[in-house]
Chemist: 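Let me begin by handing over the structure; questions about it come next.
Every chain is numbered from 1, with letters handed out A, B, ... down the list of sequences. What's counted below: heavy atoms across the whole structure, side chains too, no hydrogens, waters or symmetry copies.
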Number of protein chains: 2
Amino acid sequence: MNKKQLIAKLSGSLNLSKADAERTFDTITNTILDALKGDDSVKIAGFGTYKVAKRKARVGRNPRTGEQIQIAASQKVKFLPAKALKEVFNK
Amino acid sequence: MNKKQLIAKLSGSLNLSKADAERTFDTITNTILDALKGDDSVKIAGFGTYKVAKRKARVGRNPRTGEQIQIAASQKVKFLPAKALKEVFNK
DNA sequence: ATTGGATATGCAGTATTTGCATATAGAAAC
DNA sequence: GTTTCTATATGCAAATACTGCATATCCAAT
């Protein structure tokens, strides 16, 4: 399912136009992103937690040539599924 | 930031009551979860992809006693941040 | 409808993460 | 205010992520 299909579903469930559904959805993701940019984590009960994970610089390897390369430190968004979410898939 | 705070923000941005903001938010998460339950992945452009990852059974260990235990195969929801999302945090 | 951009895949080897049990502390939900 | 949920911390084995890069595919926006 891609974003367009998701928006179409939401448009129906929420009784909104597709344009409004998309605006609503974007507002939510942007709000989450803003919190993450401020180095805050976002906990959503029953769904999961978004947090920014810092990754240290390390040595990697180009699989094609085999040569070693330095990988810079970076940050990425991690999503940790809530307990309820795991249970859904493991029964 | 927890769910309550997120809902409060959305209530303001979307010009909805907190109850409506929460209903809207829950509708979205449920829609995503339903797709995942159907073993479908959910791609959201500019944000990321949710997918169900199957994890193989393996040998684990009880950290308290040190004894080895068998861990069953399981499934969990994975979130892969979109490229745009990584860039936000690495500049 | 076309096109530009984003993502999936495969590859090799190493670094990182995962997930186990369990209690407690702290936070959040009702 | 009470109850439910989540983070944390522990050691360790095995699964998985990550890197460059080319190709194929797929999506989004024009």
Side-chain angles (χ1 to χ4, degrees), chain A residues 1-9 11 18-19 21-23 25-26 29 35 40-90, chain B residues 1-9 18-19 21-23 25-26 29 35 39-90:
Chain A
M1 177 158 78
N2 60 34
K3 186 176 177 185
K4 186 170 278 182
Q5 294 168 312
L6 176 61
I7 295 298
K9 278 211 177 213
S11 169
K18 283 187 187 172
E22 182 160 13
R23 224 179 334 265
F25 186 78
D26 288 344
T29 56
D40 193 5
S41 62
V42 180
K43 284 187 197 179
I44 297 157
F47 189 65
T49 303
Y50 296 90
K51 57 171 61 175
V52 178
K54 299 178 199 313
R55 314 183 65 79
K56 292 180 186 168
R58 63 199 166 77
V59 176
R61 188 173 289 266
N62 182 335
R64 186 162 296 267
T65 65
E67 77 182 304
Q68 293 202 343
I69 51 179
Q70 183 64 24
I71 301 172
S74 65
Q75 295 189 298
K76 71 171 284 192
V77 176
K78 265 193 70 166
F79 174 73
L80 299 98
K83 188 187 175 191
L85 201 47
K86 294 183 190 173
E87 287 170 357
V88 168
F89 293 97
N90 293 304
Chain B
M1 176 158 77
N2 58 37
K3 186 178 176 184
K4 186 170 279 182
Q5 295 168 312
L6 176 61
I7 295 297
K9 278 211 178 212
K18 283 187 185 169
E22 182 160 13
R23 221 175 340 259
F25 185 78
D26 288 344
T29 56
D39 216 30
D40 194 7
S41 62
V42 180
K43 287 187 195 177
I44 297 156
F47 189 64
T49 303
Y50 296 91
K51 57 170 61 176
V52 178
K54 299 177 198 315
R55 311 187 73 81
K56 291 181 187 170
R58 62 198 171 81
V59 175
R61 189 170 291 264
N62 181 335
R64 187 161 296 268
T65 65
E67 78 182 304
Q68 292 203 342
I69 50 182
Q70 185 63 22
I71 301 172
S74 65
Q75 296 188 296
K76 72 171 284 192
V77 175
K78 264 196 70 169
F79 174 73
L80 300 100
K83 189 185 175 190
L85 201 47
K86 295 183 191 172
E87 286 170 357
V88 168
F89 293 97
N90 295 305

Chemist: Side chains of residues 41-58 of chain A: which donor-acceptor pairs under 3.5 Å do they make with residues two or more places apart or in other chains?
Modeler:
residue, atom, partner, partner atom, Å
A:Y50, OH, B:Y50, OH, 2.2

Chemist: Quick one: is A:R55 getting a side-chain N or O under 4.0 Å of the C:dT16 phosphate, OP1 or OP2?
Modeler: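 Negative; the distance criterion is not met.
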Chemist: Using whole Å, report how far CD of B:Q70 lies from C1' of C:dA21.
Modeler: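 Nearest whole value for this atom pair: 16 Å.
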Chemist: Could you grab the distance from atom CG of B:L6 to atom CZ of B:F25, nearest 0.5 Å is fine?
Modeler: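 One finds 5.0 Å between CG of B:L6 and CZ of B:F25.
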Chemist: Using OP1 and OP2 only, check whether a side-chain N or O of B:N2 sits under 4.0 Å from C:dA28.
Modeler: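 Yes, within the criterion.
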Chemist: Are any of B:R64's side-chain N or O atoms less than 4.0 Å away from OP1 or OP2 of D:dA9?
Modeler: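 Answer no for this pair, as no side-chain N or O of B:R64 is under 4.0 Å from OP1 or OP2.
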Chemist: Assign A:T49 to base, sugar-phosphate, or nothing according to its heavy-atom contacts below 4.0 angstrom with the strands shown.
Modeler: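 Result for A:T49 = sugar-phosphate.
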Chemist: Please report the distance, rounded to the nearest Å, between CZ in B:F79 and P in C:dT17.
Modeler: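 To the nearest whole Å, that distance equals 17 Å.
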Chemist: Check whether any side-chain N or O of B:K4 sits under 4.0 Å from OP1 or OP2 of C:dA27, and answer yes or no.
Modeler: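 Negative; the distance criterion is not met.
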Chemist: A:R58 CZ to C:dT16 P: how many Å, rounded?
Modeler: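 Rounded to whole Å, this separation is 6 Å.
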Chemist: In whole angstroms, how far is the P atom of C:dC20 from the NZ atom of A:K86?
Modeler: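 One finds 7 Å between P of C:dC20 and NZ of A:K86, rounded.
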Chemist: Could you walk me through whether A:K4 and A:K18 pass the side chain to side chain contact (heavy atoms under 4.5 Å, CB included) test, one step at a time?
Modeler: CA-CA 9 Å; A:K4 186 170 278 182; A:K18 283 187 187 172; over 6 Å; no
Chemist: For the pair B:Q5 (side chain) and B:N2 (backbone), establish whether a donor and an acceptor sit closer than 3.5 Å, ignoring hydrogens and angles.
Modeler: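 Side chain of B:Q5 to backbone of B:N2: a pair is present.
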Chemist: Rounded to whole angstroms, how far apart are CD on B:Q5 and C1' on C:dA27?
Modeler: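 It is 11 Å, rounded to the nearest whole Å.
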Chemist: Taking NZ from B:K54 and P from C:dT18, how many angstroms apart are they, rounded to a whole number?
Modeler: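 Taking atom P of C:dT18 as the reference, NZ of B:K54 is at 19 Å.
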Chemist: As an exercise, state the distance from CD of A:Q75 to CG of B:L85, rounded to the nearest 0.5 Å.
Modeler: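 Answer rounded to 0.5 Å: 11.0 Å.
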Chemist: Side-chain N or O of A:K83 versus OP1/OP2 of D:dA7: is the shortest distance under 4.0 Å?
Modeler: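 For D:dA7, neither OP1 nor OP2 has a side-chain N or O of A:K83 closer than 4.0 Å.
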Chemist: So what does B:A82 touch, heavy atoms closer than 4.0 Å: a base, only the sugar-phosphate, or nothing?
Modeler: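 Counting heavy atoms under 4.0 Å across all strands, the contact made by B:A82 is with sugar-phosphate only.
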Chemist: Nearest whole angstrom, please: distance from the P of D:dG11 to the CD1 of B:I71.
Modeler: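 Computing the B:I71:CD1 to D:dG11:P distance gives 17 Å.
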Chemist: Kindly point out which of D:dG20, C:dA21, D:dA13 is positioned nearest to the side chain of B:P63?
Modeler: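 Nearest listed nucleotide: C:dA21.
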Chemist: Of B:K51 and B:M1, whose closest DNA chain C nucleotide lies nearer the 5' terminus?
Modeler: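 The residue closer to the strand's 5' end, by nearest nucleotide, is B:K51.
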Chemist: Can you tell me the distance, in whole Å, between the CD1 atom of A:I44 and the P atom of D:dT6?
Modeler: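 Value for this atom pair: 12 Å.
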Chemist: Answer yes or no: does a side-chain N or O of A:K78 lie under 4.0 Å from OP1 or OP2 of C:dT18?
Modeler: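 For A:K78, the contact criterion (side-chain N or O under 4.0 Å from OP1 or OP2 of C:dT18) is met.
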Chemist: Of A:K3 and A:G60, whose closest DNA chain D nucleotide lies nearer the 5' terminus?
Modeler: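 In this pair, the answer is A:G60.
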